[in-house]
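In what follows, a single structure is set out as structure tokens and then discussed.
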Amino acid sequence: MTENVVSLHKNPDLTPVTTLTVVPDPAPAKPVPLWLRSGRAIRTAATHDATRTAARTVARHGLYVVGGARIVGKRAWDGRTAARYERYMRTAEAAGNFEAAAEWEERGQRFRDARHRRRMDLLHSPLDAAKGAAVTTGLGIGGLVLIGVAMAVATKDATEVVTPLMAVIKFINLMVTIVQVVWGPAVSLAPFLALLALWAVGSKQQAAPQWALPDRVRNGEGEPITPSIVVKALRDLGVPALRNAIKEMGDAGASMLSPIVIAGCGVEVDVTLPSGVSTIEVQQRRRKLAENLSRHEHEVFITIPQAARTVRLWVADSGALDEPIGPSPLVTDDTLTADYAKGKAPWGQDLRGDAAALSLYQRHLLITGLSNQGKTVALRSLALWLSLDKSVQFLMGDLKGVGDWAMFDGLATTLIQGPTDEHVIQVTEMVEGAVEEMNRRIQAPPGTTFPALIVLVDEAQVAFMCPVKDEEGRYYGGAKATSRYFMAVRKIHNQGRAVNVLMWQGTQDPTDQNLPKLVREGAHTRASLALGTESQARMALGDKAVDGGAAPNLLRPGLDQGTLVVASSGIDIPKGQSSITVRTHYVDDDAAEAITDRAKALRDGVTTLHVVERGKERDPLADIVAVIGDAPRLRTQDVIKRLSALDGDTYGDWSPGDLTRVLDGTGAEPYKSDGRMVVGRDQITRALAHRDTEDSASGA
């Protein structure tokens, strides 16, 4: 906007005394034409949400009447013709069930024969009806006259003869009058009542286009799974053979489905696919099938039961899998105990909402998954339950080393924690020590029973990928015969189960480098949390489980924490399936410490080693006292066996002569008892005390 400056002077020669700035008024705005204002208002009103909702409501209820008429017409047509039998026959043929097709064809023919007889009967029905009416009328009039005669005789009044007949005539006249009064309104209301009936049928079946339905129904929120919805979802799956077969079946496509049953927080249904459609074609389209069912991909699970050409669908209620499950019985029940041989560990819930319990008896275990998905917690939950069996022993290596297993200090015989190469060396020697114990147990007399020894290594991929060599040039890591950790695990997998020496491993992101094939296939129980690819899922669970529908690679990283897919004979798996999905209980560190405190109270006390001692000088006399224990005497053969178990490197090759040589001159030499050579506890104790006294005196 320009400004005009005006100077006012008393004298033209003098300087201006006042300066005013004059700003002109803005030009008045042009009025908006009435037609433009009206158009804007109309457009605003027409595009308003309330207007759209009202328009959809009016259209929806009008279309309900049209859809109801179509449904009623189709029902009437099916009732009057053999169309339904033809449809069922085509359905059976499309499914390859020719026996059922022949049965429906026979039923259709019986229906046609019965319909033909009814039509033939209609040709004779007018004459028969006339004859029947005449006979009935004659009998009725005759009966009324007889009643009148009886009344006349009784009253001695002849006029009573026609009284019953006149009463009937008056009743008929009354009915005619009533019909005359009601007929007009009934004829006027009949169309409205018919429209109301059609609307009721259409609204119940949601017989309106998708755009006209309410938002809740249109978006599928909370939409129940019905046979028609499943059939439509399969039809729109993008499999031409399946789509064509369903079209040929007509509305009877639901015959492919078993009854839909409630299964936990969802429903389950078996689908028998038509001939020419493979189960793999449905499995590969899991996401599209889920979207067709108005569900997310993680809310639909597809497995392969035993029946041929059949897929089993489990569809969760919307949002149900995002709800947490309840706490573990280990936390809620302070009196809970464990039984390694006969019990099952309470691990979580399956998708049906039933308790999922795992038997650990003589089963090697492998749990894998991406980082931070709950692998350690799932593995630790099993160890926590088993710790409540006081006979079970633990050797533990945590190659993460952040304290996830610290509560087992004082419970495990060995607990090594740390991620360095030195920790890998320690864990490897721990596993090799378990191999020696396994060999000792194998050489025991037949029938000898042994307590369970659980060799647990968390973050085992660190051990497999360790590049360090020992003094002989053998790698600690790797997947070759020269790898110490790999070979120790393989030996336990091969023979440990028979003598209750079991290998448990937890590992991340399985590959052939950090989880060799021979090791992963040696585990009896294989479980996997969320993974990145199908190839990793096959490494974790095996081809059979994945081909049967197991898909840990379809779990959502970060959202499905604690949810794992299990392939094991130790857990109840539905018949015909090769795996089961389990949502595990979360047991935090504080609750885990409380459980291990209860487990420690069951034991006499365990001294936990945090490092595997190497090259230690043994004291044979002290070791003999230790292996005899509280027994008054022990056979020399048993003493040698126990010494070998204590340290195989030092005592593994001992003979009775070596034992006699060590005890010679101590006053505790072996002697005969009941015809057998034994070593006495009291003599050994005195000899050890005497030696210590002499050593002290010589040192002084």
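Values in this document were obtained by computation on a predicted structure and should not be read as measured data.
The closest side-chain donor-acceptor pair between D421 and Y476, if any, does not fall under 3.5 angstrom. Between the side chains of D509 and Q536, at least one donor N or O sits under 3.5 Å from an acceptor N or O. One side chain, Q461 or T507, offers a donor N or O that lies under 3.5 Å from an acceptor on the other. Side-chain contact, Q283 with E281: no donor N or O sits under 3.5 Å from an acceptor N or O. There is a side-chain donor-acceptor pair under 3.5 Å between R363 and S569.
A salt bridge does not link D389 to K342: none of the charged nitrogens lies less than 4.0 Å from a carboxylate oxygen. Between R440 and E436 there is no salt bridge, since no side-chain nitrogen of the basic residue lies less than 4.0 Å from a carboxylate oxygen of the acidic one. Between R583 and D350 there is no salt bridge, since no side-chain N of the basic residue sits under 4.0 Å from a carboxylate O of the acidic one. At a threshold of 4.0 Å, the pair D236-K232 does not count as salt-bridged, since none of the basic side-chain nitrogens sits closer than that to a carboxylate oxygen. We find that D589 and R380 are joined by a salt bridge, their nearest charged nitrogen and carboxylate oxygen being less than 4.0 Å apart. Between R484 and D470 a salt bridge is recorded (basic side-chain N to carboxylate O distance below 4.0 Å). Ionic pairing of E437 and R441 is present here: one or more N-O contacts between side-chain nitrogen and carboxylate oxygen are shorter than 4.0 angstrom. A salt bridge is defined here as a Lys NZ or Arg NE, NH1 or NH2 lying under 4.0 Å from an Asp or Glu carboxylate O, and K491 with E432 fails to meet this definition.
For the side-chain contact (heavy atoms from CB on, under 4.5 Å) criterion with L366, the lone passing option out of V519, T525, L515 is L515.
At least one side-chain heavy atom of R295 sits less than 4.5 Å from a side-chain heavy atom of I225. A 4.5 Å side-chain heavy-atom check between R598 and D334 finds at least one atom pair inside the cut-off. In this structure, the side chains of L541 and V565 come closer than 4.5 Å at one or more pairs of heavy atoms. Considering only heavy atoms from C-beta on, W385 comes within 4.5 Å of L330 through its side chain. Looking at L502 and L365, their side chains never come closer than 4.5 Å, going by heavy atoms from C-beta outward. Using a 4.5 Å heavy-atom threshold, the side chains of T581 and F301 count as touching.
At distances below 3.5 Å, not a single donor-acceptor pair connects side-chain atoms of S483 with backbone N or O atoms of A479. Between the side chain of Q373 and the main chain of G558, a donor-acceptor pair closer than 3.5 Å is present. Between the side chain of R497 and the backbone N or O of Q362 there is at least one donor-acceptor pair closer than 3.5 Å.
Pairing each heavy atom of R285 with each of L237, the nearest pair is CD-O, 3.2 Å. Closest approach of S579 to I573, counting heavy atoms only: O-CG2, 3.5 Å.
Between F464 and Y485, the angle of the ring planes goes over 60°, which puts this pair in the perpendicular group of the 30/60° scheme.
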